[in-house]
Amino acid sequence: MPDEHAATGSAEEAASGGAITRDDVAHLARLSRLALREDELEHLATQLGDIISAVARVQEVAAEDIPPTSHALPLTNVFRADEVRPGLTPEQALAGAPASEQQRFKVPRILDEEA
């Protein structure tokens, strides 16, 4: 059985800018216990290479003078400003309640005292 760590160098090489090879994908598939056909190995090698290239481009763009953001687009608050308005009095709020006690809605107990 081949050494499982033998392809580590080529995977690290690929992550640092080298191309992902069919053998790298085969090694990763073995480690992941995935059975891949030859055409899938070639296809995935191309796709993984594209992904690594895209990540490398993003890392090049990141600069110290660009502040970190949590969203790609600027966000603005769409809510209205808070304003104090007159509300219901306790008597008005409780007027339709079937039962009230000490200016609160009175409801049947659903839990025992022990809970």
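For the side chain to side chain donor-acceptor pair (under 3.5 Å) test, residues two or more places apart in sequence or in another chain that qualify with Glu38 are Arg22. Listed by chain and number, the residues in a salt bridge (charged side-chain N to carboxylate O under 4.0 Å, His left out) with Asp39 are Arg37 (sequence neighbours excluded). A search for side chain to side chain donor-acceptor pair (under 3.5 Å) contacts involving Arg80 returns nothing, not counting sequence neighbours. Listed by chain and residue number, nothing satisfies the side chain to side chain contact (heavy atoms under 4.5 Å, CB included) test with Ala56 (two or more places apart in sequence, or in another chain).
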Throw together a table of side-chain donor-acceptor distances under 3.5 angstrom for residues 91-105, partners on residues two or more places apart or in other chains.
from   : atom 1 : to     : atom 2 : distance (Å)
Gln92  : OE1    : Thr89  : N      : 2.9
Gln92  : OE1    : Thr89  : OG1    : 3.4
Glu101 : OE1    : Lys106 : NZ     : 3.4

Extract all donor-acceptor atom pairs below 3.5 Å that involve side chains of residues 44-53 and protein atoms in other chains or at least two apart in sequence.
from  : atom 1 : to    : atom 2 : distance (Å)
Thr46 : OG1    : Glu42 : O      : 3.2
Gln47 : NE2    : His43 : NE2    : 3.0
Ser53 : OG     : Gly49 : O      : 3.0

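Of the inter-residue distances, the one linking His27 atom NE2 with Leu41 atom CG reads 13.0 Å to the nearest 0.5 angstrom.
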